[in-house]
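Predicted model only: the values in this text are computed from it and were never measured. Whatever order the structure lists them in is the order used to number ligands and atoms, beginning at 1. FYI, side chains are in, hydrogens and waters are out, and symmetry mates aren't considered; it's all heavy atoms of this structure.
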Amino acid sequence: MYDFDTIMDHRGTGSLKWDTVKEGVIPLWVADMDFPCLPELREALRKRADHPFYGYQAGGDSYYEAIRSWYGERHGLELDRTHILAGPGTVLSLGIAVREFSREGEGVLLLTPVYTPFFEVVRENRRRVVDVPLAADPAGRFILDIDNIEEALDRAGAEGIRTPLALFCSPHNPGGRVWTGEEIAAFLDLVRRRNMFAAVDEIHGDFVYPENAAGKPQRFVSAASLPEFQDRTLVISGANKSFNLGGLHISHFVIKDGAPRRIIQAALHREAHHQGDVFAELAVETVYRRGAAWLDEVLDYLRENIRRALERLNGIPGIRAFTPDGTYLIWADVRGLAERRGCQNTAELVRRLEDEAAVKITAGSIYGPPGEGRARINAAAPRKLLLEGLRRLEAWA
Ligand SMILES: Cc1ncc(COP(=O)(O)O)c(C=O)c1O
């Protein structure tokens, strides 16, 4: 049994989540988990740090083998060692995909709301965002409306925008949707029919609960497991979310087909990402080899956190919080609350919560226009801290 209940002081570590808010504020925003890492990881890093040489790394097969076994044992996905390429952080890797599979001025398809850096990697590489709002079912769960996406691509085409690439977030941040195999196949089929390419961000793939929000059994389906689309797909993933290694900036590509793989391999070499980091690769190898039981306990703990948080949030007038299929993020409609408290928009609501209630959540509007009126709450915190944050929200509401 690991201890996820102890509330630790993160201040003074340069933490984005903790060190950028005023003292006393409970941060339920940045997607870090406030749990101490796998003890074996700490031990492995300490041991390596004790060896006083941090020079260039040759990289070892054991790192790739650890990733390969993780996919096989955890997700039933058989990979060859050659399918895996070590990359920098996930967002940097998305940037590489954008540069390699689209040209300046071209469009990149995003289904929004979506993790903010998706917009940034498109715009900062001088491509255009082709933004398609995700549809929702009557229960408020995001769904893929393929016809709607086709129409948006047609509209972009009519304006002279060629759209050769889609960035797809699976599972979905901020919505917490775990797309089913059928949904992923339908999306990739569209990508193929349109002669496009898809870069699929699966960084949240290890956070899939046994049942989805509708109570149906589910599992994580990697886009790399659908054989008919591999010439049009690359997957970017990593241990960053699963084991809280965001500060180590490492990800990996899974690309089964040789043609796109050679493109990314060449790009990684050109961008000098062919040599590993002393600590990051060791960390990934350690967590994948030794962290399965730790992650299982984290998942159980998170499920209960999410259950309790939803109970709390849905008792607050003006909030409608949606059950996530996966991830540790809760997406909520907060329009009623914003209106009742006289806030012009969600950004103001979130700012006032931080200033007046000492709890910080994320405004949905940072994930694109369809996120306005919504908020994202990070449930990966010691339970007492999470519930105290939500109690403050409730008291302020
Ligand atoms: C969908 C998604 N992709 C990428 C990242 C960040 O990954 P990295 O730190 O490896 O760049 C996050 C972090 O929250 C995320 O939610």
**Asked** Going by the atom numbers of ligand 1, which of them fall below 4.0 Å from some non-hydrogen atom of Asp201?
**Response** 1 (C), 2 (C), 3 (N), 4 (C)
**Prompt:** Less than 4.0 Å between a side-chain N and a carboxylate O, is that true for Glu100 and Arg270?
**Reply:** yes
**Request:** Pull out every atom of ligand 1 sitting under 4.0 Å from any heavy atom of Gly89, numbered as shown with elements.
**Result:** 10 (O), 11 (O)
**Message:** Check for me whether Arg383 meets the cation-pi criterion with Tyr301, that is, NZ or CZ under 6.0 Å from the six-membered ring centre and within 45 degrees of the ring axis.
**Reply:** yes
**Message:** Against Phe168, only a single residue in Ile184, Asp201, Val235 fulfils side-chain contact (heavy atoms from CB on, under 4.5 Å); can you say which?
**Reply:** Ile184
**Item:** Main-chain N/O of Ala214 paired to Asn212 side chain as donor or acceptor, under 3.5 Å
**Value:** yes
**Complete:** The complete set of side chain to side chain donor-acceptor pair (under 3.5 Å) pairs with one or both residues in residues 187-197, sequence neighbours excluded, reads Glu150-Arg193, Glu150-Arg194, Asp154-Arg194, Asp189-Arg192, Asp189-Arg193, Asn195-Arg232
**Message:** Heavy-atom pairs closer than 4.0 Å: do any link ligand 1 to the side chain of Asn240, the backbone, both, or neither?
**Reply:** side chain
**Nearest-contact summary for atom 6 (C) of ligand 1 - protein heavy atom, Å** = Tyr115 OH, 3.2 Å
**Request:** Scan Arg289, Glu285, Glu281 and name whichever one has a side-chain hydrogen bond (donor to acceptor under 3.5 Å, both in side chains) with Ser62.
**Result:** Glu285
**Asked** Relative to ligand 1, is Lys241 under 4.0 angstrom through side chain, backbone, both or neither, heavy atoms considered?
**Response** side chain
**Message:** Can you name the atoms of ligand 1, numbered from 1 with element, that are less than 4.0 Å from a heavy atom of His204?
**Reply:** 1 (C), 15 (C), 16 (O)
**Request:** Report yes or no: is the cationic atom of Arg376 (NZ for Lys, CZ for Arg) under 6.0 Å from the centre of the six-membered ring of Trp29, at an angle within 45° of the ring normal?
**Result:** no
**Asked** What atoms in ligand 1 come closer than 4.0 Å to a heavy atom of Cys169?
**Response** 1 (C)
**Request:** Within a distance under 4.0 Å of any heavy atom of Ala31, pick out the atoms of ligand 1 and give their elements.
**Result:** 14 (O)
**Item:** Heavy-atom nearest neighbour of atom 11 (O) of ligand 1 within options Asn173, Thr327, Val91, Leu92
**Value:** Val91
**Prompt:** Numbering the atoms of ligand 1 from 1, which are under 4.0 Å from a heavy atom of Ile203?
**Reply:** 1 (C), 2 (C), 3 (N), 4 (C), 15 (C)
